[in-house]
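Everything on this sheet refers to the single structure shown next.
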Amino acid sequence: MNEFLVKNEEDTRAFGITLAESLKASDVIGLIGDLGTGKTTLTKYIAEGLGIDETITSPTFTVVKEYNSGRLPLYHFDVYRLTSGNDLWEIGADDYLYGKGVSIVEWADLVKDGLPENTKFIYLEYGKGQNERIYKWDF
Ligand SMILES: Nc1ncnc2c1ncn2[C@@H]1O[C@H](COP(=O)(O)OP(=O)(O)OP(=O)(O)O)[C@@H](O)[C@H]1O
Ligand SMILES: [Mg+2]
């Protein structure tokens with residue numbers, strides 16, 4: 001497992017922008033972490049790294065939002081209201097997950113069985129200080 005100690009939001013931004021540089025079509029990033037650990041915030045900075053100039057807002061009520069102004073399309077999922085991979089399939093998520101863009105899935109643990117095999121999971125945890133976070137990943 002790789003581990004990164006995030007001291008503040010500026011570190012989150014640096015992590016997101018660096019990660020964005022390595023992304024290619026059909027990559028799927030699954031974010032797993034409790035409420036407020038910063039899944040949407042990290043997504044915002046990955047989007048910035050992709051050159052997206054639209055405002056990223058949480059897609060909780062729509063499940064997925066699409067942004068097309070960057071180097072690659074971004075499909076931002078929040079599956080908080082879903083309960084299984086089958087729910088993902090029912091909303092036609094495969095068109096996004098295997099599509100021309102990058103997918104980022106908040107609460108990926110809820111739909112793990114419906115995500116592509118090569119999904120890159122990132123685990124977000126709270127650190128000691130208010131703005132500290134710990135990111136863990138194994139890709
Ligand atoms: N190092 C940090 N990285 C990311 N966010 C941070 C950091 N430090 C503080 N924050 C703050 O923590 C909050 C994270 O909220 P955010 O909506 O991104 O979390 P979330 O995991 O998407 O929550 P939810 O489970 O509701 O979807 C923001 O208010 C952000 O400013
Ligand atoms: Mg969120």
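Please read these numbers as outputs of a predicted model, since none were measured by experiment. Counting starts at 1 for both ligands and their atoms, in listed order.
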Rounded to the nearest 0.5 Å, how far does [atom2] of [Y] lie from [atom1] of [X]?
{"X": "Ile122", "Y": "Leu42", "atom1": "CD1", "atom2": "CG", "value": "5.5 Å"}
{"X": "Asp34", "Y": "Lys39", "atom1": "CG", "atom2": "NZ", "value": "7.0 Å"}
{"X": "Glu21", "Y": "Thr18", "atom1": "CD", "atom2": "OG1", "value": "5.5 Å"}
{"X": "Leu97", "Y": "Ser103", "atom1": "CG", "atom2": "OG", "value": "4.5 Å"}

Checklist line | Joint hydrophobic cluster, Tyr98 plus Val63, side-chain heavy atoms closer than 4.5 Å | finding: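 Yes, Tyr98 connects to Val63 through the hydrophobic network.
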Notebook entry, point to check: Counting only heavy atoms on the protein side, is anything nearer than 4.0 Å to atom 31 (O) of ligand 1?
Noted result: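 At least one protein heavy atom is under 4.0 Å away.
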Next item on the list: Check whether any side-chain N or O of Arg133 sits under 3.5 Å from a backbone N or O of Gly38 as a donor-acceptor pair, and report yes or no.
Entry: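 No, because the side chain of Arg133 does not come within donor-acceptor range (under 3.5 Å) of the backbone of Gly38.
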Next item on the list: Quick one: closest heavy-atom pair of Ile29 and Leu19, and the distance?
Entry: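 That would be CD1-CD2, 3.8 Å.
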Next item on the list: Give a yes/no on ligand 1: does Tyr80 have at least one heavy atom closer than 4.0 angstrom to it?
Entry: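 False for this residue.
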Note to self: So is Ser58 touching ligand 1 or not, going by heavy atoms under 4.0 Å?
What the structure shows: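 No.
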Looking only at protein heavy atoms, which one is nearest to [atom], and what is the separation?
{"atom": "atom 28 (C) of ligand 1", "answer": "Thr41 OG1, 3.9 Å"}
{"atom": "atom 11 (C) of ligand 1", "answer": "Arg133 NH2, 3.8 Å"}
{"atom": "atom 14 (C) of ligand 1", "answer": "Gly36 O, 3.4 Å"}

Note to self: Using the ring centroid of each side chain, check whether Tyr135 and Phe15 are separated by less than 6.0 Å.
What the structure shows: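 Distance test on ring centres: under 6.0 Å, yes.
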Notebook entry, point to check: Hey, is there an N, O or S on Tyr80 sitting under 2.8 Å from the Mg ion (ligand 2)?
Noted result: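 Under 2.8 Å: Tyr80 has no N, O or S contact with the Mg ion (ligand 2).
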Check: Taking 2.8 Å as the cut-off, does an N/O/S atom of Glu106 lie below it from the Mg ion (ligand 2)?
Finding: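 Here the distance criterion (N, O or S atom, under 2.8 Å) is met by Glu106, so yes.
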As an exercise, identify every atom of ligand 1 less than 4.0 angstrom from a heavy atom of [X].
{"X": "Thr12", "answer": "1 (N), 2 (C), 3 (N), 4 (C)"}
{"X": "Glu106", "answer": "22 (O), 27 (O)"}
{"X": "Asn8", "answer": "1 (N)"}
{"X": "Trp107", "answer": "25 (O)"}

Can you find an N or O of [X] that's nearer than 3.5 Å to an N or O of ligand 1?
{"X": "Lys7", "result": "no"}
{"X": "Val6", "result": "no"}
{"X": "Glu9", "result": "yes"}

Notebook entry, point to check: With a 4.0 Å cut-off, would you call Asp27 and Lys24 a salt bridge?
Noted result: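 Judged by the 4.0 Å cut-off on N to carboxylate O distance, Asp27 and Lys24 do form a salt bridge.
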